Amino acid sequence: MSATDPDCLFCKIVAGEIPATIVASDERTVSFMDINPATRGHALVVPRAHARDLLEIAPEDLAAVALAGQRLARTAHATLEADGINLINSCGADAWQTVFHFHLHVIPRYEGDPLRLPWTPGPGDMDSIRATGEQLKEHYS
Ligand code: 5GP
Ligand code: ZN
């Protein structure tokens, strides 16, 4: 049984207590769509076990998240025709972290897209997020 924090949003997503568009999951990780997407296909990879941030996550979970992030990046590149990918982790409030369960942002980039860092999160269109998540899920390999 993995460590969980009853007050943690991402622990609740991992446990299925809060709905999310899940793209992929394995023994150690869950990947799901960000509800405030910076670009089309923006997803998050989290460890199942609660860890606050990069300083606390167990090495095995960090490795598993990195591998899942690579798979998702390859899927976004092939399926969404992303021209590039940003993998971003924010560690600590001063580094823009807002949810304190370790997560890797997988942000597909498109030639000429307007995204600049740090981005200002805003709600996405849920139908479009779900549809893009289904596309990634179908082609995830
Ligand atoms: P951070 O700012 O900690 O690096 O990233 C947290 C991310 O979690 C943000 O991009 C934010 O949009 C996303 N997020 C916050 N609440 C929810 C939620 O309830 N569901 C999903 N899928 N993503 C969320
Ligand atoms: Zn958690």
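Please read these numbers as outputs of a predicted model, since none were measured by experiment.
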The reported gap from CZ in Arg52 to NE2 in His50 (rounded to nearest 0.5 angstrom) is 8.0 Å
Residue set satisfying ring-ring contact (aromatic ring centres under 6.0 Å, His included) with His105, at least two apart, ordered chain then number -> His42, His103, Trp119
Would a 4.5 Å heavy-atom cut-off, applied to side chains only, mark Ser31 and Val45 as touching? yes
Aromatic ring proximity, centroids under 6.0 angstrom, Phe32 and Phe10: yes
Which pair of non-hydrogen atoms, one from Gly69 and one from Leu87, has the smallest distance, and what is that distance? O-CD2, 4.4 Å
For Asp61, enumerate each residue passing the salt bridge (Lys or Arg N to Asp or Glu O under 4.0 Å) test, keeping only those at least two apart in sequence or located in another chain. Arg28
Is it the case that atom CZ in Arg109 sees more than 12 heavy atoms from other parts of the structure closer than 6.0 Å? yes
Atom pair CD/NE2 of Glu134 and His139 - distance to nearest 0.5 Å: 11.0 Å
One should read off an interatomic distance between Asp26 CG and Leu67 CG, to the nearest 0.5 angstrom, of 9.0 Å
Side-chain heavy atoms of Gln135 within contact of Arg40, under 4.5 Å: yes
Closest non-hydrogen atoms of Leu136 and Gly41, given as atom of the first, atom of the second and distance, are CD1-O, 4.0 Å
Using 0.5 Å steps for rounding, measure from the CD atom of Gln97 to the CG atom of Asn89. 7.0 Å
For the CH2 atom of Trp96 and the SG atom of Cys91, what is their distance to the nearest 0.5 Å? 13.0 Å
Single-linkage hydrophobic cluster, 4.5 Å side-chain cutoff, Val23 and Ile35 together: yes
I want to check something: taking the side chain as every heavy atom from C-beta on, are Ser25 and Arg48 in contact at a cut-off of under 4.5 Å? yes
Is there a side-chain contact between Arg71 and Ser141 (heavy atoms, below 4.5 Å)? no
Got His101 and Asp5 here, is their nearest side-chain heavy-atom distance under 4.5 Å? no
Per the side chain to side chain contact (heavy atoms under 4.5 Å, CB included) rule, which among Leu104, Val106, Leu117 passes with Ile88? Leu117
If every non-hydrogen atom of Thr29 is compared with every non-hydrogen atom of Ala68, which pair is closest and at what distance? OG1-CB, 3.8 Å
Say whether Leu54 and Val46 are linked into one hydrophobic cluster, either directly or through other cluster members, by side-chain heavy-atom distances under 4.5 angstrom. no
Looking at Glu81, I'd like to know if its CD atom is crowded, meaning that more than 12 non-hydrogen atoms belonging to other residues, nucleotides or ligands lie closer than 6.0 Å. no
On a heavy-atom basis, the closest approach of Pro6 and Lys12 is O-CE, 3.2 Å
How many angstroms lie between atom CG of Asp34 and atom CD1 of Ile129, to the nearest 0.5 angstrom? 7.5 Å
Does Leu72 share a hydrophobic cluster with Ile57, counting links as ILVMFWY side-chain heavy atoms below 4.5 Å and allowing steps through other members? yes
Any non-hydrogen side-chain atom of Phe102 less than 4.5 Å from a side-chain atom of Glu56? no
Is Val99 reachable from Leu44 through a run of I, L, V, M, F, W or Y residues, each pair having side-chain heavy atoms under 4.5 Å apart? yes
Whether the side chain of Arg130 engages the backbone of Asp125 through a donor-acceptor N/O pair (distance < 3.5 Å, no angle test) should be reported. no
Using side-chain heavy atoms (C-beta onward) and a distance below 4.5 Å, is Ile107 in contact with Ile85? no
